[in-house]
Each structure stands twice: as C-alpha cells, then as structure tokens.
Amino acid sequence: MRKSTTAVMIFLLAGILWPQAIRAGMGVRVTGGFTHISYGDFNDWIDGMNTDMAGIAEMDNITWIPEFGAEYYYSILPSLDAGIGVSMMSAGWNFDFMYGENGIELDHTVKAYPVTATVYFKPPVPFVSMKPYCYAGAGLYYSKITFSHRRTPSDPVAGYDAELTDRGFGTHLGLGIEFPVMPAVTFDLGFKIRWADLKGFEGTAENLEGDRKDVFLGNDDEEGFGPADISEKDNISEGSVDLGGYSFYVGVTIGF
C-alpha cells in the first residue's frame, strides 16, 4: 500500500513540476505547420486574370504555405521566456496553358527566412499539467522570389528567368497550450498572427539568349505582377510581397 501511495504521489508531483522544470532554465523549440498568407498584390493580379479569362482558364492563388522553425529560449522570470529563432516559409506556383497552337508557361516561387525575437508569457496554473501561453515579437524577414516565363511555340523559345530579393520588418503575436510528455520535453499546439508586408525587391532577369538586366518588382495594370526594368521604376508601380496572415502549428520543446 505504501509503495502504491508513493507512486501516485510521484505521478501527481511530476504532472505539476514537469512544466516548471522546462521553464526553469533554457532550451530549444522546434515547430512546424501551415501559414495562410495574404500575398496581396500577386493574388489580386491572379483574381483579375481569372476574371478576364472566365470560362477559358483559371489560375490558383497562393494561400496556405508550409512553415518550419527553430528557436532558442531562456527563462528570464518564472513565467516569462525570451526566445530568438529562425524559420522558413516556401511556396511554388505554376500555370501552363495552351490556346490553339500557342502556349504559355509561368512559374513563380516565394521563400522567406524570418529571424525573430519573441517574449512568451506563461501564467502559472496550479495542479494542471497543461499550460497556456501567449507571446509577441518582431523580426527581420529575408525573402527571395523567382519568376520563369516561357512562350511556345517559338524558334527559339521566348522567355526569361528572374530572381529578386529583399529584407523587411515584421511583427507577430499568438497563443498556445503546452503538454508535458517527459521531465524536460513538452508538446504544444499554437496559433500565430503575423504582419509582414515587404517592399523594395530588386534583382536581375535573364532571357534565354543570356542577356541580363536589372529589375525590380513591379505591379502594373497592363504587365501585371512581376519583374520590371529598373529604368521604369518612376513609371511603374512597385509591388509588394505580403507575408501577413495567420498560422497553425505544432511544436516540441526540449529543456536543458
């Protein structure tokens, strides 16, 4: 009987103290999930093209994209953690269409690498192993976008490839709940909201004959969303890459 009572007491204490053990020092957190981004200028252009091509063809929007991250955290107070992390967001898009004997193939990718600083507040909830938390932070977003354009048939095939980069500032906040699974390991579920509208993309475009030119990200009523000659920057509106939106993620935290 005494052994059974001791085992029950150890189990109850573990349920209370495991989360405290993780918050008592430092550790790493790994997360993965899906983010719904606005991607405003690109998706607005797609919506306009779909209206113009109604009944002929339809292009997809870029909305849900995968996101993975890792973070180092340190407990600065019993209920307050500070974390520094990096994550990766990536999405690809393709449109391949034939009209009569002519065809067009478009490819577009977006990649972003947010480097963030975050503060987590974890209010004490006694006698419960599951712990809620909320957080807020900011970061620097390194981003790269590419474009590929092909027109067929043509001799030679006409088209270009372009790569543009930019970095900008973003903020985020969210909430979640963590579940202890081992003395120094927790599993958590979370939700995040992000604001990060990046503007100022520049790079180079190269046609299939090897000629290169400097370009910026344009958003023109006639040419649409894509690379534009840098010499036209005063005449063409500049486009943006809006990574703002919301995320659902799962994570694993390991304390040491």
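Note that these values count all heavy atoms, side chains included, but never hydrogens, waters or copies made by symmetry.
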Hey, are the side chains of [X] and [Y] touching, using non-hydrogen atoms and a 4.5 Å cut-off?
X      : Y      : value
Ile65  : Ile37  : yes
Tyr74  : Ile84  : no
Val252 : Thr186 : no
Ser79  : Leu77  : no
Met59  : Met53  : yes
Phe147 : Tyr160 : yes
Tyr72  : Met26  : yes
Leu140 : Tyr142 : yes

Below 4.0 angstrom, N of the basic side chain to O of the carboxylate: do Lys122 and Glu178 qualify?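 A salt bridge is present here (some side-chain N lies under 4.0 Å from a carboxylate O).
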
Between Arg212 and Glu206, does any side-chain N to carboxylate O distance fall below 4.0 Å?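 Here Arg212 pairs with Glu206 in a salt bridge, since their nearest N and O are under 4.0 Å apart.
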
Give a yes or no on whether the backbone of [Y] and the side-chain of [X] come within a donor-acceptor separation of less than 3.5 Å.
X      : Y      : answer
Asp81  : Tyr73  : no
His108 : Ser148 : no
Asp242 : Gly244 : yes
Asp41  : Val241 : no
Ser143 : Lys111 : yes
Asn207 : Asp211 : yes
Asp166 : Leu198 : no
Glu238 : Gly200 : yes

Using salt bridge (charged side-chain N to carboxylate O under 4.0 Å, His left out) as the criterion, point out the one residue from Lys233, Lys144, Lys213, Arg167 that pairs with Glu202.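 It is Lys233, the one option of Lys233, Lys144, Lys213, Arg167 that forms the salt bridge (charged side-chain N to carboxylate O under 4.0 Å, His left out) with Glu202.
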
Applying side-chain hydrogen bond (donor to acceptor under 3.5 Å, both in side chains) to Thr35 and Glu67, what does each step give before you reach the verdict? CA-CA 7 Å; Thr35 297; Glu67 181 174 1; 2.6 Å; yes

Taking the ring centre of each residue, are Tyr246 and Trp64 less than 6.0 Å apart?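 For Tyr246 and Trp64, the ring centres are under 6.0 Å apart.
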
Less than 6.0 angstrom separating the ring centers of Phe42 and Phe225, yes or no?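 Under 6.0 Å, so yes.
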
Closest non-hydrogen atom pair between [X] and [Y], with its separation:
X      : Y      : value
Asp197 : Ser240 : OD1-OG, 3.1 Å
Val181 : Phe187 : CG1-CB, 4.2 Å
Gly103 : Met98  : CA-SD, 3.5 Å
Ala196 : Gly170 : CB-CA, 4.0 Å
Pro227 : Ala162 : CG-CB, 3.8 Å
Phe95  : Ala57  : CZ-CB, 4.0 Å

Does Tyr120 form a side-chain hydrogen bond (donor to acceptor under 3.5 Å, both in side chains) with Glu71? I'd like the steps, not just the answer. CA-CA 12 Å; Tyr120 295 85; Glu71 183 179 48; 2.7 Å; yes

Applying side-chain hydrogen bond (donor to acceptor under 3.5 Å, both in side chains) to His36 and Ser247, what does each step give before you reach the verdict? CA-CA 6 Å; His36 186 284; Ser247 307; over 6 Å; no

Would a hydrophobic clustering, with Ile, Leu, Val, Met, Phe, Trp and Tyr connected at side-chain separations under 4.5 Å, put [X] with [Y]?
X      : Y      : value
Val28  : Val250 : yes
Phe191 : Ile177 : no
Val215 : Leu106 : yes
Met49  : Leu217 : yes
Leu243 : Val86  : no

Could you give me the CA-CA distance, side-chain angles and deciding distance for Arg150 and Asp96, then say whether salt bridge (charged side-chain N to carboxylate O under 4.0 Å, His left out) is met? CA-CA 9 Å; Arg150 300 289 186 272; Asp96 193 354; over 6 Å; no

Run the numbers on Asp188 and Phe179 for side chain to side chain contact (heavy atoms under 4.5 Å, CB included), then give the verdict. CA-CA 6 Å; Asp188 66 289; Phe179 309 83; 5.6 Å; no

Assess the side chains of Thr118 and His172: does a donor N or O sit below 3.5 Å from an acceptor N or O?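 Their side chains do contain a donor-acceptor pair, which is all the 3.5 Å distance test asks for.
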
Regarding Thr63 and Asn61, do their side chains bring together a donor and an acceptor under 3.5 Å, going by distance alone?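 No - no donor-acceptor pair under 3.5 Å links their side chains.
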
So for atom CG, which belongs to Asp221, do other residues, nucleotides or ligands contribute more than 12 heavy atoms lying within a distance under 6.0 Å?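 Check fails, neighbour count at 12 or below.
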
Spacing of CD1 belonging to Ile104 relative to CZ belonging to Phe97, to within rounding of 0.5 Å: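 Separation between the atoms: 9.5 Å.
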
